[in-house]
Amino acid sequence: MVLCGNSCGIKTVFKSLLVSCWTFSFQSPLTKTKKLIGDEGMSFSNAFVASPLCCPSRASILTGKYPHNHRVLNNTLEGNCSSQAWQKSEESHTFPALLHSYAGYQTFFAGKYLNQERNSKYYNYTLSVNGKPQKHGADYSKDYLTDVLANVSLDFLQYKSNYQPFFMMVSTPAPHSPWTAAPQYQNCFNTTKAPRDPNFNIHGKNKHWLIRQAKTPMTNSSVQFLDDAFRNRWRTLLSVDDLVEKIVKRLEVRGELDNTYVFFTSDNGYHTGQFSLPLDKRQLYEFDIKVPLMVRGPNIKPNQTSRLAVANIDLGPTILDIAGYNVSKTQMDGMSFLPIMEGRMNSSSWRTDILVEYEGEGRNVSDPACPLLGPGVSECFPDCVCEDSYNNTYACVRIVAPSANLQYCEFDDNEVFVEVYNVTADPFQLTNIAKTIDQEVLEKMNHRLMMLQSCSGQSCRTPGVYDIRYNFDPRHMFTGHGWRLSRMRQRMK
């Protein structure tokens with residue numbers, strides 16, 4: 001829908017590091033958010049990120065591109081996170097820039113943009129306010145970052161022009177570490193623990209070596225640490241819930257809520273003890289790549305849930321579509337899900353798969369505390385369980401179709417290790433079926449993965465393996481990737 005009139009707007013809230021496989025229970029810290037956005041619009045139960053790491057994922061949100069196209073590899077300048085090269089090549093083509101330059105929108109951003117400034121502190125930080133540094137101290141009433149972001153967002157709504165449509169993006173670092181809760185919430189959820197799902201604190205059998213190296217069972221101190229972290233993360237989210245309520249209520253008071261689209265999502269998931277991995281978000285499993293996504297707005301009926309597969313690369317195209325901008329003019333890999341929200345599209349005409357990519361990171365020298373691990377690993381905990389390594393580099397096809405709910409992943413390592421999961425039968429991804437799945441299906445998914453890893457723009461939106469429009473011809477297998485297929489066949493024997 002094209003937004004029109006003086007009160008048109010698009011409002012987006014996205015958060016850093018939410019717990020994925022998201023469920024809203026009676027004690028969820030985001031009950032008001034669910035009531036004000038999810039219950040008033042559409043929730044997506046199969047929303048994924050193109051990469052489970054902060055900066056690559058945020059770059060995908062802003063550009064509408066997969067990581068292999070925006071070329072942000074990790075959270076460092078050397079990994080192209082907010083580098084000058086990225087600013088010159090990609091930033092002017094992000095969807096907020098297009099809204100401002102070509103669609104006449106007032107645009108506003110508050111919070112964590114990418115990762116260059118390491119901006120996940122709650123107190124004693126410096127903000128860049130229109131390019132000018134603004135220092136904050138440790139006074140809750142003036143400096144607690146989530147509340148500061150809420151206040152500057154309310155100011156924007158109050159003083160923006162009523163003669164132009166607006167786009168506002170609020171990116172709270174919460175619940176990122178150091179997990180500092182507001183004073184009034186520091187004693188909440190005292191008995192809450194990290195979810196004890198079937199994959200909690202068990203050995204990751206038949207998985208990549210990085211998962212297998214985790215110590216099972218975890219030490220009592222590790223379990224206590226991750227439970228404390230889980231509680232503290234939830235406590236920080238109570239302030240985010242307040243932020244959402246304040247902004248939605250302000251839109252309502254101003255008479256703008258009915259003409260405003262409000263999005264709520266995250267840039268990645270998080271794990272707390274799954275497969276005995278203490279805390280992080282860099283793995284290929286549902287708990288790290290699946291995120292909440294809720295949207296309310298004009299022509300979106302309340303209390304809806306869509307099971308279609310959407311990704312963070314779709315946010316930009318969707319918002320541009322709402323603003324009436326022709327998405328085909330861009331180089332974005334994603335697609336607009338506005339027709340889904342308005343009930344104009346069903347599973348027969350929507351995509352059936354998405355790509356997930358991650359470039360592993362490791363250190364050139366051994367961790368002095370864990371010399372037996374050798375070089376090449378990183379993000380290691382005191383008990384020498386590491387969350388990342390150079391060869392934790394993988395690409396996955398996540399398939400969500402009427403006839404299949406699968407994940408197919410390949411690692412770029414000496415083994416060309418493959419993991420495949422039937423997520424319907426095995427939602428906690430306990431059993432890797434790579435060696436038992438039909439060989440023809442395996443080859444089709446291998447072929448599809450190679451196509452997606454080299455796609456750009458429209459070619460990223462071609463029919464997937466379980467799409468009735470899909471046409472598989474083994475003769476079209478990419479010759480440059482033949483070694484991968486032959487090595488994969490050898491491994492599957």
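- No side-chain heavy atom of V441 sits less than 4.5 Å from a side-chain heavy atom of Y408.
- Under the 4.5 Å side-chain criterion, counting only non-hydrogen atoms from C-beta, D333 is in contact with N69.
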Fill in: ring-ring contact (aromatic ring centres under 6.0 Å, His included) between Y144 and Y123, worked out
CA-CA 6 Å; Y144 188 69; Y123 293 109; 5.5 Å; yes
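- Residues passing the ring pair (Phe, Tyr, Trp, His ring centres under 6.0 Å) test with Y390: none are found, sequence neighbours excluded.
- To the nearest 0.5 Å, atoms CG (L308) and CD1 (I340) are separated by 4.5 Å.
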Practice prompt. Show your working on side-chain hydrogen bond (donor to acceptor under 3.5 Å, both in side chains) between N446 and E410 and close with a plain yes or no.
Written response: CA-CA 8 Å; N446 170 264; E410 291 182 14; 2.4 Å; yes
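- A side-chain donor-acceptor contact under 3.5 Å links N151 to the backbone of D147.
- At a threshold of 4.5 Å between non-hydrogen side-chain atoms, the residues D388 and Y358 count as touching.
- Rounding to the nearest 0.5 angstrom, the gap separating the CG atom in L243 from the NZ atom in K32 is 10.5 Å.
- Salt-bridge formation is detected for the pair R58/D267: a Lys NZ or Arg NE/NH1/NH2 atom is positioned less than 4.0 Å from an Asp or Glu carboxylate oxygen.
- Under a 3.5 Å cut-off, the side chain of R351 and the backbone N or O of R461 do not form any donor-acceptor pair.
- Checking S57 against N268 by side-chain atom types alone, no donor-acceptor pair falls below 3.5 Å.
- To the nearest 0.5 Å, atoms CD (Q407) and CE (M445) are separated by 10.5 Å.
- T126 and P133 get closest at one heavy-atom pair: CG2-CB, 3.8 Å.
- Judged by distance alone, the side chain of N299 and the main-chain N or O of E342 form no donor-acceptor pair under 3.5 Å.
- Panel note: side chain H176, backbone K121; no donor-acceptor pair is recorded below 3.5 Å.
- For the residue pair K112/S120, the side-chain donor-acceptor check at 3.5 Å is satisfied.
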Discussion item. For R254 and N162: C-alpha separation, side-chain torsions, deciding distance, then whether side-chain hydrogen bond (donor to acceptor under 3.5 Å, both in side chains) applies.
Written reply: CA-CA 10 Å; R254 290 178 57 85; N162 292 327; 2.9 Å; yes
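- Under a 3.5 Å cut-off, the side chain of Q458 and the backbone N or O of S328 do not form any donor-acceptor pair.
- Atom NZ of K35 has 12 or fewer heavy atoms from other residues, nucleotides or ligands within 6.0 Å.
- Partners of Y466 under the ring pair (Phe, Tyr, Trp, His ring centres under 6.0 Å) rule, at least two apart in sequence or in another chain, do not exist in this structure.
- Checked against F44 for a side-chain contact (heavy atoms from CB on, under 4.5 Å), the options D314, V295, T305 give a single hit: V295.
- For Q331, the CD atom sits in a loose shell: 12 or fewer heavy atoms of surrounding residues, nucleotides or ligands are nearer than 6.0 Å.
- Here the side chains of K88 and S83 are not in contact, with every heavy-atom distance at 4.5 Å or above.
- Side-chain atoms of T33 and E245, non-hydrogen and from C-beta on, never get closer than 4.5 Å to each other.
- With a 4.5 Å cut-off on side-chain heavy atoms, R235 and N232 count as touching.
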Item to complete: Apply side-chain hydrogen bond (donor to acceptor under 3.5 Å, both in side chains) to the pair R469 and T352, showing each step before the final yes or no.
Response: CA-CA 11 Å; R469 299 164 292 180; T352 57; over 6 Å; no
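- The pair K301-E40 does not count as a salt bridge, with every side-chain nitrogen at least 4.0 angstrom from each carboxylate oxygen.
- A174 approaches T146 most closely through the heavy-atom pair CB-OG1, 4.0 Å.
- Nearest heavy-atom pair, Y125 versus D143, reported as atom, atom and distance to 0.1 Å: OH-O, 2.6 Å.
- Listed for the H70 side chain is no donor-acceptor partner under 3.5 Å among the backbone atoms of T63.
- The minimum heavy-atom distance linking S153 with I247 is given by the pair CB-CD1, 3.9 Å.
- The structure places CG of L36 at 11.0 Å from CG of L251, a figure rounded to the nearest 0.5 Å.
- Atom OH of Y102 has 12 or fewer neighbouring heavy atoms from other residues, nucleotides or ligands inside a 6.0 Å radius.
- In summary, R282 and E379 engage in a salt bridge, as defined by a charged side-chain N under 4.0 Å from a carboxylate O.
- Atom CH2 of W86 and atom SG of C81 lie 8.5 Å apart (nearest 0.5 Å).
- In this structure, the side chains of D413 and H208 come closer than 4.5 Å at one or more pairs of heavy atoms.
- In this structure, a donor-acceptor pair under 3.5 Å is absent between the side chains of D412 and N391.
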Practice prompt. Could you go through the ring-ring contact (aromatic ring centres under 6.0 Å, His included) check for F428 and Y285 one step at a time?
Written response: CA-CA 9 Å; F428 296 101; Y285 308 103; over 10 Å; no
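- Closest approach of L338 to T318, counting heavy atoms only: N-CG2, 3.9 Å.
- At most 12 non-hydrogen atoms from other residues, nucleotides or ligands lie less than 6.0 angstrom from CZ of R71.
- Applying the ring pair (Phe, Tyr, Trp, His ring centres under 6.0 Å) test to H271 and every residue at least two apart in sequence or in another chain returns F287.
- Side-chain contact between P175 and W234: absent, with no pair of heavy atoms (C-beta onward) separated by less than 4.5 Å.
- Side-chain N or O atoms of H100 include one that pairs as donor or acceptor with a backbone N or O of Y105 at under 3.5 Å.
- Put simply, the side chain of S101 never gets that close to the backbone of L98: no donor and acceptor are under 3.5 Å apart.
- Shown here for Y470 and H447, the closest heavy-atom pair between the two residues is OH-ND1, 3.4 Å.
- Between D353 and R448, at least one side-chain N (NZ, or NE/NH1/NH2) sits under 4.0 Å from a carboxylate O, which counts as a salt bridge.
- At least one donor-acceptor pair closer than 3.5 Å links the side chain of Q164 to the backbone N or O of G104.
- Atom CG in L279 sits 7.0 Å away from atom OG1 in T272 (nearest 0.5 Å).
- With hydrogens and angles ignored, the 3.5 Å screen pairs a side-chain donor or acceptor of S459 with a backbone N or O of S456.
- The environment of Q158 atom CD is dense: over 12 non-hydrogen atoms of other residues, nucleotides or ligands sit within 6.0 angstrom.
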